[in-house]
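To start, the structure under review is shown below, and the notes come after it.
Heads up: numbering here begins at 1 and tracks the sequence. Keep in mind it's a predicted model, so treat the numbers as computed, not measured.
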Amino acid sequence: MALFKRKQRLIGKPGDFFYNVETGQVEEGPQSPGKDRMGPYSTREEAEHALDTARERTSEWENDPRWSSGSPRGNEDTP
């Protein structure tokens with residue numbers, strides 16, 4: 001038994017929607033730990049497409065010439 005038990009805080013507010021990556025379900029408000037959630041999203045539909053949105057953003061990031069060129073962030077003009 002641990003001497004100190006960490007109180008679990010759920011960050012978010014009612015009316016926000018989250019995608020739970022463990023269950024694959026959309027939740028309204030902070031119902032599960034942050035490590036299991038993506039969001040917040042303003043609508044249930046946005047939360048339902050959280051994985052698609054993440055895939056699109058990852059693809060954009062991987063194909064960003066500023067990232068793949070090897071230039072440090074903010075120094076695109078420096079050889």
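Summarising the geometry, atom CG belonging to Asp52 is positioned 11.5 Å from atom CZ belonging to Arg57; distances are rounded to the nearest 0.5 Å. Between the CG atom in Asp36 and the CZ atom in Phe18 there is a gap of 12.5 Å [rounded to 0.5 Å]. Here CZ of Arg44 is found 9.5 Å from CD of Glu27. Values are rounded to the nearest 0.5 Å.
Side-chain contact between Met38 and Leu51 is present, with at least one heavy-atom pair separated by less than 4.5 Å.
Nearest heavy-atom pair, Tyr19 versus Ala50, reported as atom, atom and distance to 0.1 Å: CB-CB, 3.6 Å. Closest heavy-atom contact between Lys35 and Val21: O-CG2, 4.4 Å. Contact record, Phe17 with Thr43: CD1-C, 3.5 Å, taken as the closest heavy-atom pair.
Listed for the Ser59 side chain is no donor-acceptor partner under 3.5 Å among the backbone atoms of Arg55.
The side-chain hydrogen bond (donor to acceptor under 3.5 Å, both in side chains) search around Gln25 returns none, not counting sequence neighbours.
Between Glu22 and Ser32, the side chains place no donor N or O within less than 3.5 Å of an acceptor N or O (distance only, hydrogens not considered).
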